[in-house]
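First the structure, in the form of structure tokens, and then the observations on it.
Sequence positions, counted from 1, serve as the residue numbers for this chain. Not measured: the values here are computed from a predicted model.
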Amino acid sequence: MDTLTQATLTQPKIRFATVWLAGCSGCHMSFLDLDEWLIELAQHVDVVYSPVGCDLKEYPKNVDVCLVEGGVANEDNLELLLQVRQRTKILISFGDCAVTANIPAMRNLMGGADLVLKRGYLELADDTRKLPHAPGIVPELLDRVMPVHEVVPVDIFMPGCPPSADRIKATIEPLLTGHKPVMEGRSMIKFG
Ligand code: SF4
């Protein structure tokens, strides 16, 4: 009997979540590249929140492990991330956008949110020049896009754009048996 099977017999299932902030969803696509290992993973976890196949509106309490993709770019991202941190034991910064803010942070070079919106919706618009404004519907941009650890403490950093399925598995698998993954070496912490 392998270690994972033994653990399943002795431990309750892990409450598992994934969250999508300001990212392209490529990290979640890479998660789906786990292919048949997802079936094995499903025997060891309860997926309690995720944009992939479990689109609940409210992030639940008592989550054991959460993968957070993307930088923190708007007020919705910020609110969700604070809730995730409060309700999650192990928060994993998932992919380069979460770890460094990466591509979403390119807009930081332009200055604050007002300048970015002006450039995108007024100066570069071919037709209707109008700033988006729909309080309560379109979340306000933050002045700067931030990496996850600039907002809340992070337990594990998993870089990669996106992290490979092998890296994702090597990070999650030890957690299923109560161990911390070893995030060392090129195969685990190379960016890009
Ligand atoms: S790290 Fe790369 S793949 Fe992941 S969300 Fe950012 S741009 Fe997309």
For this session: Any chance you could measure Met106, atom CE, to Leu109, atom CG, to the nearest 0.5 Å?
Result: 7.0 Å

Problem set entry | Rounded distance [0.5 Å steps], CG in Leu34 versus CG in Leu41 | 7.5 Å

Would you confirm whether [X], through its side chain, and [Y], through its main-chain N or O, come within 3.5 Å as a donor-acceptor pair?
X	Y	answer
Thr100	Cys97	no
Ser164	Arg167	yes
Thr88	Ile90	no
Ser30	Gly26	no
Glu69	Ala98	no
Asp46	Arg15	no

Exercise. Among pairs that include at least one residue of residues 136-161, which meet side-chain hydrogen bond (donor to acceptor under 3.5 Å, both in side chains), considering only residues two or more places apart or in two chains?
Worked result: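 Every side-chain hydrogen bond (donor to acceptor under 3.5 Å, both in side chains) pair that includes a residue of residues 136-161, provided the two are not neighbours, is Arg85-Asp155, Arg144-Glu150.
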
Exercise. Could you give all pairs that pass the side-chain hydrogen bond (donor to acceptor under 3.5 Å, both in side chains) test and reach residues 181-192, with sequence neighbours left out?
Worked result: none

Considering all heavy atoms of both residues, which atom of [X] and which atom of [Y] are nearest to each other, and what is their separation?
X	Y	answer
Lys13	Ala42	NZ-O, 3.4 Å
Gly95	Cys27	CA-SG, 3.8 Å
Pro147	Ala101	N-CB, 3.7 Å
Ile14	Leu175	CD1-O, 3.4 Å
Ile189	Met183	CG2-O, 3.5 Å

Which residues pass the side chain to side chain contact (heavy atoms under 4.5 Å, CB included) test with [X], sequence neighbours left out?
X	result
Ala17	Val48, Tyr49, Tyr59, Val63, Cys66
Leu81	Leu21, Val68, Val72, Leu91, Val148, Val151, Val152
Asp76	Asn74, Pro139
Ala170	Met188

Exercise. Do Phe31 and Leu38 have side chains that get closer than 4.5 Å, going by heavy atoms?
Worked result: yes

For this session: Check whether any side-chain heavy atom of Asp33 sits under 4.5 Å from a side-chain heavy atom of Ile168, and report yes or no.
Result: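 No - every pair of side-chain heavy atoms lies 4.5 Å or more apart.
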
Exercise. Which hydrophobic side chains are connected to Val182, either touching it within the sub-4.5 Å cutoff or through other members that do?
Worked result: none

Exercise. Who else is in the cluster with Trp20 when I, L, V, M, F, W and Y are joined by side-chain contacts under 4.5 Å?
Worked result: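 None, because no other hydrophobic side chain comes under 4.5 Å of this residue.
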
Exercise. Step by step, would you call Ile172 with Val65 a side-chain contact (heavy atoms from CB on, under 4.5 Å)?
Worked result: CA-CA 9 Å; Ile172 296 174; Val65 176; 5.8 Å; no

Could you go through residues 120-133 and list every donor-acceptor pair under 3.5 Å that involves a side-chain atom there, pairing it with any protein atom two or more places apart or in another chain?
| from | atom 1 | to | atom 2 | distance (Å) |
| --- | --- | --- | --- | --- |
| Glu123 | OE1 | Arg119 | NH1 | 3.0 |
| Arg129 | NE | Leu122 | O | 3.1 |
| Arg129 | NH2 | Ala125 | O | 2.9 |

Problem set entry | Glu58/Arg87 ion pair, N-O < 4.0 Å | yes

Problem set entry | For Arg107, salt bridge (charged side-chain N to carboxylate O under 4.0 Å, His left out) partners two or more places apart |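 Applying salt bridge (charged side-chain N to carboxylate O under 4.0 Å, His left out) to Arg107 gives none.
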
For this session: Quick one: list whatever passes salt bridge (charged side-chain N to carboxylate O under 4.0 Å, His left out) with Lys89, sequence neighbours left out.
Result: Asp64

Exercise. Sequence neighbours excluded, which residues qualify as side-chain hydrogen bond (donor to acceptor under 3.5 Å, both in side chains) partners of Ser50?
Worked result: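 Partners of Ser50 under the side-chain hydrogen bond (donor to acceptor under 3.5 Å, both in side chains) test: Thr18.
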
